[in-house]
Amino acid sequence: MNNMFKALPQEDKTVLALKGIYQCFGYNKYKLSRFEEYGFYLKYKSFLQSDKILSFTDLDGRLMALKPDITLSIIKNAQDNSPTPQKLYYNETVYRENANTNTFKEINQMGLEYIGCVDEYALCEVALLAKMSLSEISPSNVLEISHMGYVQGLLEELSLDVPKEEALNALKAKSAHSLCKLTQNKAHAQDLEALCTLSGAFEEIYPKAKSLCKNEKMDTALSQLKAISDAFEKAGQTGLRLDFTLLNDTEFYDGILMAGYVEGVAHAVLAGGGYNSMMQKLKKNCGAIGFAVYLSELEFVKTTKPSVPDAVIINQSGNQGQLLQSVLSLAQQGIKCVVVPNGTAIQGKQTYIFNEKGLIKC
Amino acid sequence: MLSIALPKGRLGDKVYDILEKIGYECSEIKEDNRMLVFENKKIGVRYFLVKPSDVDIYVERGAADIGIVGKDILLESNADVYELLDLALGKCRICVAAKKDYVEDMSRTLRVATKFVNVAKEYYATQNREIEIIKLNGSIELAPISGLSDVIVDIVESGSTLRENNLEVISDITTVSARLIACKAAYKFKQVQIDEICKKLKTVISND
């Protein structure tokens with residue numbers, strides 16, 4: 001069986017490995033229905049990545065939606081006063097707009113959520129699991145972390161001539177030249193430029209980030225990030241980056257932010273963060289942190305040619321039970337084999353003929 | 001290897017000259033041929049020559065690590081890339097223009113001809129003005145002259161094309177220039193090289 005497992009495509013192996021990791025850390029599988037009432041998303045549409053929702057009328061007349069998001073449903077169903085944290089993972093499909101084709105697309109997404117009191121240990125555990133997930137996808141990976149509290153803390157100190165969203169957009173684009181135009185105050189412009197350039201290996205950027213701290217909010221945020229870095233060091237994890245231009249989904253996340261990249265893929269393959277205020281908005285009296293791995297992106301990790309069978313067996317004649325036994329024996333060794341009728345030509349790494357004499361290597 | 005998407009044409013030529021000056025030379029690029037990929041393995045740089053409006057796509061999707069693109073194209077595409085530097089090259093404005101004797105009739109929908117559909121939509125949305133967009137791909141100035149539209153939203157450099165066609169600017173939307181952009185994922189793995197080229201370009205710009 002172990003050899004047969006090796007024959008699985010890399011993406012499938014990754015999914016199984018991630019499930020194994022999450023289970024070992026005490027996360028339980030969470031199965032959701034593919035549908036949710038449309039009204040639920042309408043109420044919280046500002047927290048969705050897009051307001052385009054694939055809807056349909058169910059047989060009982062209710063307007064339903066194919067899920068555009070998993071976390072909202074998980075929050076909705078979360079137990080409010082559980083004495084222990086709810087630790088769960090999912091592997092689900094979401095339906096979102098494909099802006100390039102102006103159609104809906106299916107996105108396969110796997111992720112985990114930690115719901116409860118998010119203390120320093122919980123932060124570090126979720127960040128470590130994010131890093132371990134990336135390492136399962138590719139050895140060449142980086143986990144980038146940031147904190148909404150740090151960015152908001154600085155923006156609160158500065159006098160900007162424009163709405164805060166404009167500053168966040170310029171920051172997201174690492175556009176120092178645009179940021180500097182947002183305030184007449186030279187010192188404030190310098191602070192914004194400094195924030196924009198806080199990007200790189202954690203240990204290199206941390207002292208610079210520390211010196212830019214201007215209030216308690218920034219200090220608290222940075223100390224949470226430092227706790228993650230310290231935990232990573234103890235766990236022997238490398239490849240942690242600090243970048244305050246990482247601002248994914250500012251409507252949803254209010255704490256730590258995470259994004260994971262693997263070499264060769266143009267988009268983040270992992271994204272997540274802390275969303276305590278979102279929990280409060282959905283009337284849940286606890287905190288939460290989580291991340292999603294975009295499995296659909298994994299097909300771009302390595303461009304491999306479609307694999308040919310390891311063994312092609314041309315079935316000429318003979319005892320078919322004996323043939324099946326031979327195929328089983330090969331499969332148990334992890335050899336992918338295909339039996340074809342006599343006269344058929346398909347490409348394989350090794351060709352065999354099966355006849356009265358048994359299996360003969362060509 | 002750092003891959004750079006350069007726009008074909010005048011802007012690309014200008015930017016290449018600067019890049020050559022700061023140590024990213026690839027002399028084959030100046031030869032008269034139809035090649036689209038040029039490489040200098042010695043210094044680890046590869047250039048792609050692409051249509052100006054496609055530069056952001058190459059960079060956003062990671063085919064090129066960095067690229068040079070007009071802000072007008074970025075505004076229109078909303079590409080998810082880092083906009084690292086304003087190169088202050090190819091400076092111009094995106095404006096609303098109309099025939100010299102044009103008087104806007106506020107009682108009816110405004111017909112706007114443009115190739116910058118999103119820019120125009122956003123601009124008029126801030127004014128709460130009902131508009132009908134007419135998407136054109138070139139010779140935009142012809143639209144108000146021929147009665148196809150009331151106004152146009154287009155790039156204005158010196159204004160001479162407008163003047164020659166008896167048109168004038170009635171409002172400025174924004175100023176645009178060439179920008180150095182980077183692929184977000186590539187930046188995580190090649191930050192040192194990208195920051196270095198960015199720093200060198202900044203020095204050249206501030207000296208000019």
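First the proteins, then the strands, lettered A, B, ... as listed; each starts at 1. Values reported hereafter were calculated over all heavy atoms of this structure, with side chains retained and with hydrogens, waters and symmetry mates removed.
Annotation for B:Glu122: atom CD does not count as buried by contact number, only 12 or fewer foreign heavy atoms lying within 6.0 Å. Within a 6.0 Å sphere centred on CD of B:Gln127, other residues, nucleotides and ligands contribute more than 12 heavy atoms. The number of heavy-atom neighbours closer than 6.0 Å to NZ of B:Lys115, taken from other residues, nucleotides and ligands shown, is 12 or below. Under a cut-off of 6.0 angstrom, the local environment of NZ in B:Lys91 is sparse, with at most 12 non-hydrogen atoms contributed by other residues, nucleotides or ligands. Annotation for A:Lys226: atom NZ counts as buried by contact number, over 12 foreign heavy atoms lying within 6.0 Å. Counted within 6.0 Å of CZ on B:Arg61, heavy atoms from surrounding residues, nucleotides or ligands total 12 or fewer; the atom is thus considered open. Within 6.0 Å of CD on A:Gln10 lie more than 12 heavy atoms contributed by other residues, nucleotides or ligands. For CG of B:Asp105, the number of neighbouring non-hydrogen atoms (other residues, nucleotides, ligands) closer than 6.0 Å is greater than 12.
We find the OG1-CG distance between A:Thr197 and B:Leu84 to be 11.5 Å, quoted to the nearest 0.5 Å. Atom-to-atom distance recorded for B:Asp80:CG and A:His267:NE2 is 8.0 Å, nearest 0.5 angstrom. Taking CG of B:Leu85 as the start and OG of A:Ser175 as the end, the distance is 9.0 Å to the nearest 0.5 Å.
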Show the atom names and distances, to 0.1 Å, of all donor-acceptor pairs under 3.5 Å that link a side chain in residues 134-148 of chain B to residues at least two apart or in another chain.
| from | atom 1 | to | atom 2 | distance (Å) |
| --- | --- | --- | --- | --- |
| B:Lys135 | NZ | B:Asn137 | OD1 | 3.1 |
| B:Ser146 | OG | B:Leu142 | O | 2.9 |
| B:Ser146 | OG | B:Ala143 | O | 3.2 |

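Proximity to chain B is limited to the side chain of A:Thr245, based on heavy atoms less than 4.5 angstrom apart. Only the side chain of B:Lys202 comes within contact range of chain A, with at least one heavy atom under 4.5 Å from a heavy atom of that chain. Heavy-atom distances place the side chain of A:Asp243, and not its backbone, under 4.5 Å from chain B. Of the two parts of A:Val262, only the backbone, made up of N, CA, C and O, holds a non-hydrogen atom closer than 4.5 Å to a non-hydrogen atom of chain B.
Proximity to chain A among residues 167-192 of chain B is limited to B:Arg179, B:Cys183, B:Lys184, B:Ala185, B:Tyr187, B:Lys188, B:Phe189, B:Gln191, judged by heavy-atom separations below 4.5 angstrom.
For the 3.5 Å distance criterion, the side chains of A:His177 and B:Glu83 qualify, holding a donor opposite an acceptor.
In terms of heavy-atom pairs under 4.5 angstrom with chain B, the leader among A:Ser199, A:Ala176, A:Gly200, A:Gly239 is A:Ser199.
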